[in-house]
Amino acid sequence: MAARSLLVTMIVRDAGLRSALVVRLSESFDLLTAARWDAGLAARALVRAPAVLVIDEQALVEDAFSWVELLAGDHGFARIVVITADAPANPEPQLVMQVDRETAMAGLPQIFSDLTALS
């Protein structure tokens, strides 16, 4: 049986950044993208594992209550990555991480590298 590719669910409000990330990440990962979070999206994202969630600061701020609910529950994501303007350089892998907006194109594949061995 062939190994499953990592599923990356992206909630990125900036259409330009979302499109650029799709082009970059679709070479190596399965993608599910949206501008907004909803329960149906969560169900589609978690149909299979491993799955990661990538969100940007704008999405967090605009719908903070939904994100708190997601993180408080059994979300099932192997990793949650927040695209931000001031992320720390070279973070250690953990459940919730930050990646700098300016380096997201190169940084996301590196952040997922330890998870791809699981797929």
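- Between Ile111 atom CD1 and Met97 atom CE the span is 4.5 Å, to the nearest 0.5 Å.
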Tell me which donor-acceptor pairs under 3.5 Å the side chains of residues 52-60 have, and how far apart each pair is, sequence neighbours excluded?
unit_1, atom_1, unit_2, atom_2, d
Asp56, OD1, Ala59, N, 3.0
Asp56, OD2, Arg13, N, 2.9
Glu57, OE1, Thr84, OG1, 3.2
Glu57, OE1, Ala85, N, 3.3
Glu57, OE2, Thr84, OG1, 2.7
Gln58, NE2, Glu62, OE2, 3.0

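- Looking only at side-chain heavy atoms (C-beta outward), Val99 and Val82 stay at 4.5 Å or farther from each other.
- Here the shortest heavy-atom pairing between Pro109 and Ala104 reads CD-O, 4.3 Å.
- Residues Phe112 and Val8 form a side-chain contact, since some pair of their non-hydrogen atoms from C-beta on lies under 4.5 Å apart.
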(message) Working note: Val81 + Leu108, criterion side-chain contact (heavy atoms from CB on, under 4.5 Å); need CA distance, chi angles, decisive distance, verdict.
(response) CA-CA 8 Å; Val81 181; Leu108 285 172; 3.7 Å; yes
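- With rounding to the nearest 0.5 Å, the separation of CZ in Phe29 from CG in Leu21 is 11.5 Å.
- The salt bridge (Lys or Arg N to Asp or Glu O under 4.0 Å) analysis of residues 98-112, with sequence neighbours excluded, yields the pairs Asp14-Arg101.
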(message) Evaluate Leu25 against Leu31 for side-chain contact (heavy atoms from CB on, under 4.5 Å), listing each step before the verdict.
(response) CA-CA 8 Å; Leu25 297 175; Leu31 300 177; 3.9 Å; yes
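- Applying the side chain to side chain donor-acceptor pair (under 3.5 Å) definition to pairs two or more places apart or across chains, none involves residues 18-27.
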